[in-house]
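In what follows, a structure is listed as structure tokens, so that the remarks can point back to it.
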Amino acid sequence: MYDPGPSELSPAVKRIAGAFRRYGWSSFYIQIVLAVVSMLVLAFSATLISQSTGGNEPRDNPGAGIGLTLAAIGLVMLYAGAYWAFRYTRLSRKLRSPLGDRPRPSDAMRALRIGLIINMVGMLLT
């Protein structure tokens, strides 16, 4: 059976696969760094909110609970976005595979659309 090598891919497929690879890795590492920093800030703010002010009276801030909840959900969405960015690198590898195993263009567009939705919902919630 004839197996076309990566050198026989069309220039458009090479360019798209390279873009998925570069964007996937850079997005993955940036989102992981932001997630770790956000997690530390969220943990710090949660401990400050749970502490009392001067005496034995707890802080009276009714919006803190929903704010921390939305920030935590946004953090989960950030980790989901990092996972999806890692999937872009796997999609790049599949695009460089032989013709029979290559995903359809609609699959690549769907992956981009889902990644965009995950990141936009995370930003909205946060």
Can you check whether Arg102 reaches Val13 side chain to side chain, under 4.5 Å on heavy atoms?
yes

Residues 29-49 vs ring pair (Phe, Tyr, Trp, His ring centres under 6.0 Å), sequence neighbours excluded, gives Trp25-Tyr29

What one should report as the nearest heavy-atom pair of Leu42 and Ala72 is CD2-CA, 3.8 Å

The reported gap from NZ in Lys94 to CZ in Arg90 (rounded to nearest 0.5 angstrom) is 10.0 Å

CZ of Arg21 to OG of Ser26, rounded to nearest 0.5 Å, is 11.0 Å

Sorted by chain and residue number, the side-chain contact (heavy atoms from CB on, under 4.5 Å) partners of Ser106 (sequence neighbours excluded) come out as Arg104

Task: Neighbour count above 12 (heavy atom, 6.0 Å) for Arg93 CZ - done: no

- [ ] Check for a donor-acceptor pair, side chain of Asn119 on one end and backbone N or O of Gly115 on the other, with a separation under 3.5 Å.
- [x] yes

Connected via hydrophobic side-chain network under 4.5 Å: Leu124 and Leu78: no

Quiz item: According to a 4.5 Å side-chain heavy-atom criterion applied to Ile, Leu, Val, Met, Phe, Trp and Tyr, with indirect links allowed, do Ile73 and Tyr83 form part of one hydrophobic cluster?
Solution: yes

Nearest heavy-atom approach of Ala17 to Arg96 is CB-NE, 3.6 Å

The reported gap from CG in Leu75 to CG in Leu68 (rounded to nearest 0.5 angstrom) is 11.5 Å

Which pairs of donor and acceptor atoms, one on a side chain in residues 30-39, lie under 3.5 Å apart (sequence neighbours left out)?
{"unit_1": "Gln31", "atom_1": "OE1", "unit_2": "Ala82", "atom_2": "N", "d": "2.9"}
{"unit_1": "Gln31", "atom_1": "NE2", "unit_2": "Ser27", "atom_2": "OG", "d": "2.9"}
{"unit_1": "Ser38", "atom_1": "OG", "unit_2": "Leu34", "atom_2": "O", "d": "2.8"}

Same cluster (ILVMFWY, side-chain, under 4.5 Å), Ile114 and Ile16: yes

Review point. Below 4.5 Å, heavy atoms only, C-beta onward: do Phe20 and Leu112 meet side chain to side chain?
Key: yes

* Report yes if the side chains of Phe86 and Thr89 come closer than 4.5 Å at any heavy-atom pair, otherwise no. => yes

> Side-chain heavy atoms under 4.5 angstrom apart, residues restricted to Ile, Leu, Val, Met, Phe, Trp, Tyr: same cluster for Val76 and Ile118?
Replying inline: no

Tyr88-Leu116 co-clustered via ILVMFWY side chain contacts under 4.5 Å | no

Looking only at heavy atoms, the pair that brings Leu91 and Ala108 closest together is CD2-CA, 3.9 Å

